[in-house]
There are 2 protein chains.
Amino acid sequence: MQHKNKTIVKSIELLKLFLTHDRLTLQEMAQLSNMPKTSVHRMIGSLEEIGFLTKDDEGKYSLGLLFLQFGQLVAERLQIRQLALPVMTRLRDEMGEAVNLIVRDGNEAIYIEKVDTHQPVRVYTAIGRRAPMYAGACPRILLAFLPEVEREQYLKNIELKPIGSGTITDPDRLRAVLSESRKTGYSISHSELHDDTSAVAAPIFNHRGQLEAGLSVVGPGTRFQADRLPLLIEKVQDAAREISRQLGWPGLPPQNVNRG
Amino acid sequence: MQHKNKTIVKSIELLKLFLTHDRLTLQEMAQLSNMPKTSVHRMIGSLEEIGFLTKDDEGKYSLGLLFLQFGQLVAERLQIRQLALPVMTRLRDEMGEAVNLIVRDGNEAIYIEKVDTHQPVRVYTAIGRRAPMYAGACPRILLAFLPEVEREQYLKNIELKPIGSGTITDPDRLRAVLSESRKTGYSISHSELHDDTSAVAAPIFNHRGQLEAGLSVVGPGTRFQADRLPLLIEKVQDAAREISRQLGWPGLPPQNVNRG
DNA sequence: ATTGATATTCCGTAATTCGGAACAATTCAT
DNA sequence: ATGAATTGTTCCGAATTACGGAATATCAAT
């Protein structure tokens with residue numbers, strides 16, 4: 001990756017402005033991106049031509065419907081979603097709490113499936129949301145079961161910013177928690193991503209015993225007290241193992257993989 | 001749009017290969033796109049860097065999870081989906097047929113919401129799919145109620161390719177059908193997009209009386225015979241009017257708009 | 001080890017993008 | 001209505017950026 005197309009990267013910076021703004025004018029985009037008006041003008045012209053942006057009657061730009069098509073394709077092609085959904089629904093019904101499925105994307109965790117407690121729920125809601133891997137039970141279970149080299153590299157480079165009132169910001173504490181999760185096979189969080197929200201998560205492995213995804217139950221902190229945690233842990237782990245099995249997981253405890 | 005960023009446009013051509021292929025190697029992308037290996041290599045390097053593509057263990061590329069995030073945002077920001085969904089669900093329950101909601105995107109119709117007959121159904125399925133505006137009841141109702149200048153321009157430039165066994169390929173016949181739909185306020189199709197599938201559609205207008213979307217019930221041709229059509233037409237039109245009303249539609253029949 | 005296939009890097013050429021500045025269009029206030 | 005201000009569009013010379021053929025590296029299979 002020695003040479004790269006700067007134009008593409010810059011254009012995406014423009015598109016990413018729309019993650020936090022739904023409609024923008026040329027001027028606003030130029031200001032937010034610190035690029036010259038002319039350059040922005042040229043780039044969004046191209047982005048509009050290909051369908052990544054659309055210009056409405058008032059001359060404001062927003063994300064194009066082409067993203068619906070690409071988003072759908074990505075969602076459809078994630079086989080694990082299909083397998084996991086029935087198990088997730090069952091877990092939700094058993095425990096009466098929302099259930100999330102996440103995978104790793106680079107240095108982040110991304111939500112790829114959700115079953116909510118309240119009906120009717122648009123499944124699509126929350127899908128695509130991102131979180132750092134160090135915060136929250138579910139992202140952190142991914143981090144815990146990452147290969148050691150990758151995990152260490154991540155821990156060395158990442159800055160632990162507080163997000164909720166309970167976010168772990170001390171690297172030593174984080175290392176201890178991760179180590180504990182590797183031993184027990186689950187992780188717990190209280191108010192790490194959202195205040196008063198707790199979660200219990202377990203890892204999902206694929207046919208080669210590699211970490212594939214994380215599964216979690218999420219709910220208000222008041223319903224995640226000591227008396228109920230053992231049951232929650234058991235059920236989440238059961239569900240995660242069930243999905244792993246469907247992915248062809250050989251069934252060995254993760255710490256025994258690659259030790260023969 | 002005198003000057004444009006060729007690089008961006010070419011890169012999207014590469015991404016669009018993934019609409020029909022879910023995994024591709026560098027080599028395959030070079031062949032399918034007729035671009036030099038080196039250029040493809042550079043571009044997909046950038047596309048990977050920004051998250052639009054990912055490389056799996058076997059060195060094959062596929063669409064990145066970033067599309068989930070953008071797709072979600074676009075879906076969330078389509079207000080009409082929120083309004084339409086309850087009405088669509090009710091229509092589905094009344095008639096026992098699948099219900100679709102589509103909007104125009106350039107010269108195509110794109111499905112933005114779907115309520116299926118079979119449970120449990122992933123709503124996301126089919127969302128983002130595209131169809132030409134001349135084929136199928138729902139796409140064609142969009143075409144019928146397009147402003148005359150745009151409609152004529154479309155009809156002059158489009159080539160009517162057969163898709164299903166009933167696709168209209170004769171321009172005069174299409175014009176007659178469109179004119180009829182404008183008078184009656186609905187459209188019917190039999191085997192135009194898929195063989196043995198029929199549909200009945202009605203237009204949805206916004207607060208300015210402009211065409212905003214199309215609503216349709218879809219099902220097997222055997223259930224869309226003459227005896228049942230009047231009821232289907234009535235129910236679809238009722239539902240479409242209900243959604244239009246929620247969008248602030250002034251309530252005038254479309255042919256009276258801008259005639260005062 | 002040898003072959004064949006695919007991926008990656010090199011590097012001189014030249015086409016493309018850049019961005020300031022001038023210009024046009026639109027909006028707003030008076 | 002008129003003028004001022006704001007936003008959007010076009011122009012054009014400078015030079016950065018992308019191009020792509022060829023050489024090299026990596027990998028898998030025999």
Side-chain angles (χ1 to χ4, degrees), chain A residues 1-18 20-64 106 147 149-150 207-208 210 258, chain B residues 1-18 20-64 106 147 149 207-208 210:
Chain A
M1 208 173 295
Q2 195 140 348
H3 295 291
K4 46 186 174 183
N5 278 28
K6 283 197 177 183
T7 309
I8 299 183
V9 178
K10 282 188 203 158
S11 301
I12 299 320
E13 277 178 43
L14 291 179
L15 283 182
K16 287 197 173 168
L17 296 177
F18 289 90
T20 46
H21 306 78
D22 58 327
R23 280 156 34 102
L24 290 170
T25 65
L26 165 60
Q27 174 110 318
E28 291 168 327
M29 294 173 77
Q31 286 168 351
L32 289 169
S33 64
N34 288 316
M35 294 183 198
K37 240 187 348 184
T38 315
S39 304
V40 174
H41 182 257
R42 224 177 316 109
M43 286 192 242
I44 61 183
S46 300
L47 291 172
E48 190 189 359
E49 183 183 332
I50 62 180
F52 274 6
L53 285 181
T54 39
K55 196 186 204 168
D56 58 31
D57 339 307
E58 293 124 49
K60 299 206 173 192
Y61 290 88
S62 50
L63 293 175
V149 278
E150 292 187 57
H207 61 107
R208 281 181 294 189
Q210 296 168 325
N258 293 332
Chain B
M1 209 173 295
Q2 195 140 352
H3 295 291
K4 46 188 174 183
N5 277 36
K6 282 197 177 183
T7 309
I8 299 182
V9 178
K10 283 189 204 158
S11 301
I12 299 320
E13 279 178 42
L14 291 179
L15 283 182
K16 286 195 173 170
L17 296 176
F18 288 92
T20 46
H21 306 77
D22 59 326
R23 280 155 37 100
L24 289 170
T25 65
L26 167 60
Q27 175 112 314
E28 292 167 327
M29 294 174 76
Q31 286 167 353
L32 289 169
S33 63
N34 287 317
M35 293 183 198
K37 241 186 348 185
T38 314
S39 304
V40 174
H41 182 257
R42 219 177 322 106
M43 287 191 241
I44 62 183
S46 299
L47 290 172
E48 188 189 0
E49 183 183 332
I50 63 181
F52 274 7
L53 285 180
T54 37
K55 196 186 206 170
D56 58 31
D57 339 306
E58 293 123 52
K60 300 208 173 192
Y61 290 88
S62 50
L63 293 175
V149 278
H207 61 107
R208 280 181 294 188
Q210 296 168 324

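All values below were derived from every heavy atom in this structure, side-chain atoms included, with hydrogens, water molecules and symmetry-related copies excluded. Every chain is numbered from 1 and lettered A, B, ... according to where its sequence line falls, protein lines coming before strand lines.
Across the protein-nucleic acid pair, B/L47 atom CG and D/dA18 atom P stand 12 Å apart, rounded to whole Å. The separation between A/I44 atom CD1 and C/dT17 atom P is 16 Å, rounded to whole Å. For the pair A/D56 CG and D/dG8 P, the interatomic distance rounds to 12 Å; values are reported in whole Å. Following rounding to the nearest Å, A/E58 (CD) and D/dG8 (C1') show an atom-to-atom distance of 16 Å. The CG-P distance, from B/L53 to C/dA7, rounds to 14 Å in whole Å. With rounding to whole Å, A/I8 atom CD1 is found 8 Å from D/dC19 atom P. Nucleotide C/dA5 holds its C1' atom 11 Å from the CD atom of B/Q31, rounded to whole Å. Atom NZ of A/K60 is separated from atom P of C/dT26 by 17 Å (rounded to the nearest Å).
Of the side-chain N and O atoms in B/K37, none sit less than 4.0 angstrom from OP1 or OP2 of D/dA22. For A/T7 and C/dT17, the shortest distance from a side-chain N or O to OP1 or OP2 is not below 4.0 Å. Residue A/N5 places none of its side-chain N or O atoms closer than 4.0 Å to OP1 or OP2 of C/dT16. Taking only side-chain nitrogens and oxygens, A/K6 never comes nearer than 4.0 Å to OP1 or OP2 of C/dT16. Within the 4.0 Å cut-off from OP1 or OP2 of C/dT8, at least one side-chain nitrogen or oxygen of B/K55 is found. The phosphate of C/dA7 (OP1 or OP2) has no side-chain N or O of B/H41 nearer than 4.0 angstrom.
In terms of modelled atom types and a separation under 3.5 Å, the side chain of A/H21 and the main chain of A/L17 share a donor-acceptor contact.
For B/Q27, the listed nucleotide lying nearest its side chain is C/dA7; candidates were C/dG19, C/dT9, C/dA7. When the nucleotides C/dT8, C/dG19, D/dG21 are ranked by their closest atom to the side chain of B/L26, C/dT8 comes out on top.
For the side chain to side chain donor-acceptor pair (under 3.5 Å) test, residues two or more places apart in sequence or in another chain that qualify with B/D57 are A/R208.
Mapping A/T25 and A/K10 onto DNA chain D by nearest heavy atom places A/T25 closer to the 5' end of the strand. Comparing A/G59 and B/M43 against DNA chain D, the residue whose closest nucleotide sits nearer the 5' end is A/G59.
Screening A/D22, A/T54, A/L24 for a side-chain contact (heavy atoms from CB on, under 4.5 Å) involving A/S62 leaves a single residue, A/T54.
Using a cut-off of 4.0 Å between Lys/Arg side-chain N and Asp/Glu carboxylate O, B/R23 and B/E58 are scored as salt-bridged.
Contact check for A/L63 versus A/F52: no side-chain heavy atoms found under the 4.5 Å cut-off.
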